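Structure first, commentary second.
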Amino acid sequence: MEAINFNALFFNHEIPFCKVYSVESKDKLEKLLLSNRISFFVEWPEQRLWHKFFGNGDAGRNAFTIRINEADSVLARDLVKGIESVKLGIV
């Protein structure tokens, strides 16, 4: 599906923005994006069936992918600077 261009606004043009490697940094980034009115989507890492039943021994290896609208990428890039465990430019 292509993006619809309506008065220079992008609709349905979601891009992978960054990867976050800790739950604390993810929570901090979510609050920052919400306070600046940037909509986002968090892709959670897939958990294997073994870990669901016997606990997650790889708790420190979670990598969340944050997806945002392309129109908000410049503002979000400026806001994310300085947050630990965040890697920009995953595309």
Side-chain angles (χ1 to χ4, degrees):
M1 182 183 290
E2 290 187 39
I4 300 170
N5 191 352
F6 183 74
N7 293 334
L9 296 175
F10 288 99
F11 296 97
N12 197 21
H13 203 261
E14 188 178 88
I15 60 169
F17 175 64
C18 66
K19 281 209 180 268
V20 182
Y21 295 98
S22 74
V23 176
E24 294 82 17
S25 295
K26 179 188 72 68
D27 293 340
K28 185 176 180 181
L29 180 60
E30 285 179 352
K31 289 177 184 177
L32 185 65
L33 293 174
L34 284 173
S35 67
N36 286 282
R37 296 181 170 212
I38 297 175
S39 63
F40 62 92
F41 174 74
V42 178
E43 287 182 12
W44 289 74
E46 291 185 24
Q47 223 181 19
R48 298 189 181 212
L49 187 60
W50 182 264
H51 292 267
K52 288 181 182 178
F53 289 117
F54 298 107
N56 191 358
D58 298 328
R61 296 180 60 196
N62 287 335
F64 304 96
T65 302
I66 306 292
R67 301 177 65 85
I68 64 171
N69 191 304
E70 185 180 25
D72 296 325
S73 63
V74 175
L75 174 61
R77 189 173 303 270
D78 292 338
L79 294 172
V80 169
K81 291 179 184 174
I83 297 179
E84 294 180 18
S85 303
V86 175
K87 182 180 177 187
L88 292 174
I90 62 170
V91 180

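Bear in mind that the values here come from a model prediction, so they are computed numbers and not experimental data.
For Arg77, the side chain to side chain contact (heavy atoms under 4.5 Å, CB included) partners at least two apart in sequence or on another chain are Phe17, Leu88.
Within the 4.5 Å cutoff, the side chain of Phe64 has no heavy atoms near those of the Lys19 side chain. By the 4.5 Å heavy-atom criterion applied to side chains, Tyr21 and Lys87 are counted as neighbours. Within the 4.5 Å cutoff, the side chain of Ile68 has no heavy atoms near those of the Glu14 side chain. Contact annotation: the side chain of Leu33 approaches that of Ile66 to within less than 4.5 Å [non-hydrogen atoms, C-beta and beyond].
Under the 4.5 Å side-chain heavy-atom criterion for grouping Ile, Leu, Val, Met, Phe, Trp and Tyr, Phe41 is not connected to Leu75 through any hydrophobic cluster. Placement of Trp44 and Val23 within a single hydrophobic cluster is found when ILVMFWY residues are connected by side-chain heavy-atom separations under 4.5 Å, directly or transitively.
The pair Glu24-Lys28 does not meet the salt-bridge criterion, since no charged nitrogen lies less than 4.0 angstrom from a carboxylate oxygen.
Between the side chain of Asn69 and the backbone N or O of Ala71 there is at least one donor-acceptor pair closer than 3.5 Å. Panel note: side chain Ser25, backbone Ser22; no donor-acceptor pair is recorded below 3.5 Å.
In plain terms, the two heavy atoms of Asp72 and Ser39 that are nearest each other are OD2-N, 4.4 Å.
For the atom pair Ser85 OG and Leu29 CG, the distance stands at 11.0 Å (nearest 0.5 Å).
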Pair Val20-Thr65, side chain to side chain contact (heavy atoms under 4.5 Å, CB included): steps then yes or no:
CA-CA 6 Å; Val20 182; Thr65 302; over 6 Å; no
Tell me, with the steps shown, if Leu32 and Ile83 meet side chain to side chain contact (heavy atoms under 4.5 Å, CB included).
CA-CA 10 Å; Leu32 185 65; Ile83 297 179; 3.8 Å; yes
